[in-house]
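This is the structure, below, for whatever I ask next.
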Amino acid sequence: MSDLTLDRYAAEIVTQTELLTASIKGADLAAPVPTCAGWSLGDLLRHLGGAHRWSEEVVRSRATGPVPDDQVNDVTGDDRADTAALGSWLAEGAALFADALRKAGPDARVWTVAPDGTPVFWARRMTVETVVHRADAVAAVDGTYALDHDVALDALAEWLGFVELPQVYESVEAMRALLGPGRTLHFHATDTAPGVEGDWLIDLTGEAPTVRRSDATERTTGEAAVTLRGSAAALLLLMYQRDSVLPSDGVEIVGERELFEEWREGVSAWLRR
C-alpha cells in the first residue's frame with residue numbers, strides 16, 4: 001500500500017522532473033553517468049522520458065495486458081543535440097503522464113507489473129523512477145541532491161515492499177538461497193517524526209522473505225543480524241546503489257554487512273533486467 005495520494009505522486013513526478021532538468025542546464029549530453037555504467041546523460045534522459053511515456057500509455061489506454069516497452073529500453077540518440085530541447089521533451093512527457101493519472105483516478109483498473117492493478121502503482125513507480133534518475137543526473141554533473149523526507153520514506157517503503165514478491169528475484173532458487181537461520185535485517189530511518197513509521201524488519205529465516213513494518217514503539221534494533229540506520233533518502237539511495245550521491249549523509253551499518261550486501265544483490269535482480 002502506498003503512503004502518498006495519486007495527486008501527490010502526479011505533482012511529484014512533474015516537480016522531480018523540473019528539478020532534474022534544472023540541474024543539467026548547459027550540461028554535455030555526452031557526459032558519462034557514473035551511477036549507470038555505460039550510459040551518457042543523454043541516454044539517461046531518453047530512458048526516463050521513455051518510461052514516463054510508456055506508463056502514460058498504460059494508464060491512458062487502461063491497458064489490460066503488457067504494453068511494448070521499447071521506448072524505455074532503447075536509449076540511443078544523438079548526444080550532440082541541444083540539452084534544453086531534450087529537457088523540454090522530458091518535462092512534456094512528465095506532464096502528459098501526470099495528466100493521464102489525474103484523469104484516470106486512483107481506482108481505475110489497469111495492467112501492472114506487480115500486484116495492485118490501479119494507476120496508483122504506476123504513479124508511485126514512476127515517482128521513484130524519477131527520484132532515482134534525478135540522483136543519476138546530479139552525479140553526472142557533479143551537483144547536489146536533496147529529497148523531501150516523505151517522498152524518500154515512501155520510495156523506501158516501495159522498495160522494501162518488493163522483497164516479498166518472487167518476481168523480483170532472478171529465480172525461485174536464488175530467492176531461497178538468501179534464506180537461513182538468523183538472517184534478519186533491520187532498517188531504521190533516523191529522520192522520521194514522532195509517530196511516523198520508519199522501521200522495517202526483513203526476515204529471511206522462514207520459507208520465503210517477509211517484511212514487518214513497525215512504529216517507533218516497536219524498535220527492532222538489536223534483534224537483527226544487521227541493522228542499517230540513516231536518513232530515508234540515504235537508505236533509499238543505498239538500496240539503489242546510488243549512495244555515492246549523498247556522501248555526507250551516509251548509512252551506519254551495524255552487524256553482518258556481508259548479509260546486507262548479499263541480500264541487496266539478490267533482491268536487486270529486477271533492476272538488471
Side-chain angles (χ1 to χ4, degrees), residues 1-4 6 9 55 58 66 106 109-129 131-132 150-189 192 196-221 223-230 232-242 251 253 255-273:
M1 182 178 295
S2 59
D3 294 339
L4 305 181
L6 182 141
Y9 287 127
S55 302
V58 172
R109 302 309 301 174
V110 299
W111 166 78
T112 54
V113 296
D116 186 303
T118 74
V120 175
F121 172 88
W122 291 111
R124 189 187 207 190
R125 182 84 288 277
M126 287 300 115
T127 296
V128 179
E129 186 85 354
V131 160
V132 172
D150 60 341
V151 178
L153 195 66
D154 182 73
L156 180 61
E158 187 212 38
W159 172 280
L160 294 174
F162 286 152
V163 171
E164 296 179 299
L165 301 177
Q167 59 263 46
V168 308
Y169 298 91
E170 204 72 57
S171 65
V172 173
E173 291 74 20
M175 180 188 73
R176 288 175 178 163
L178 294 172
L179 305 175
R183 295 170 71 83
T184 53
L185 303 93
H186 171 221
F187 289 80
H188 171 54
T192 53
V196 176
E197 296 179 352
D199 280 84
W200 293 263
L201 184 70
I202 291 83
D203 189 343
L204 305 177
T205 64
E207 296 183 356
T210 62
V211 179
R212 179 169 66 84
R213 190 171 180 177
S214 59
D215 62 26
T217 64
E218 297 180 290
R219 297 294 188 206
T220 52
T221 304
E223 297 178 6
V226 57
T227 295
L228 297 96
R229 302 187 189 96
L235 288 168
L236 173 69
L237 293 184
L238 179 67
M239 295 302 99
Y240 280 94
Q241 301 181 36
R242 268 79 169 183
V251 174
I253 303 178
E256 299 178 19
R257 175 184 282 268
E258 297 80 6
L259 171 59
F260 162 69
E261 293 176 348
E262 178 189 355
W263 170 82
R264 183 178 64 173
E265 179 69 15
V267 82
S268 298
W270 62 280
L271 289 175
R272 299 189 288 273
R273 293 172 187 156

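Reckoned from all heavy atoms, side chains included, excluding hydrogens, waters and symmetry mates. One-based numbering along the sequence shown.
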_For Glu265 and Arg272: C-alpha separation, side-chain torsions, deciding distance, then whether side chain to side chain contact (heavy atoms under 4.5 Å, CB included) applies._
CA-CA 10 Å; Glu265 179 69 15; Arg272 299 189 288 273; 3.4 Å; yes
*Checking Thr205 side chain against Gly182 main chain: does a donor-acceptor pair fall under 3.5 Å?*
no
*Are any of the side-chain nitrogens in Asp154 or Arg124 under 4.0 Å away from the carboxylate oxygens of its partner?*
yes
*Check whether any side-chain heavy atom of Leu6 lies under 4.5 Å from a side-chain heavy atom of Pro119, and answer yes or no.*
yes
*What's the shortest heavy-atom distance between Glu164 and Val211, and which atoms?*
OE2-N, 3.2 Å
*What's the verdict on side chain to side chain contact (heavy atoms under 4.5 Å, CB included) for Trp122 and Asp116, showing C-alpha distance, side-chain angles and the deciding distance?*
CA-CA 9 Å; Trp122 291 111; Asp116 186 303; over 6 Å; no
_The criterion is salt bridge (charged side-chain N to carboxylate O under 4.0 Å, His left out); which residues satisfy it with Arg242, sequence neighbours excluded?_
Asp136
*Taking the six-membered ring for Trp, are Trp263 and Phe260 parallel (under 30°), tilted (30 to 60°) or perpendicular (over 60°)?*
tilted
*Please report the closest heavy-atom contact between Ala189 and Leu153, naming both atoms and the distance.*
CB-CD1, 4.0 Å
*I would like to know whether Phe121 and Ser55 meet side chain to side chain contact (heavy atoms under 4.5 Å, CB included); could you show each step before the answer?*
CA-CA 10 Å; Phe121 172 88; Ser55 302; over 6 Å; no
_Thr112 to Thr118 - nearest heavy-atom pair and separation_ = CG2-O, 3.8 Å
_Gln167 (side chain) donor-acceptor with Ala114 (main chain) under 3.5 angstrom_ = no
*Taking Arg183 for the side chain and Leu178 for the main chain, is one N or O donor matched with an acceptor at less than 3.5 Å?*
yes
*Parallel, tilted or perpendicular: which describes the rings of Phe162 and Trp270, with under 30° parallel and over 60° perpendicular?*
perpendicular
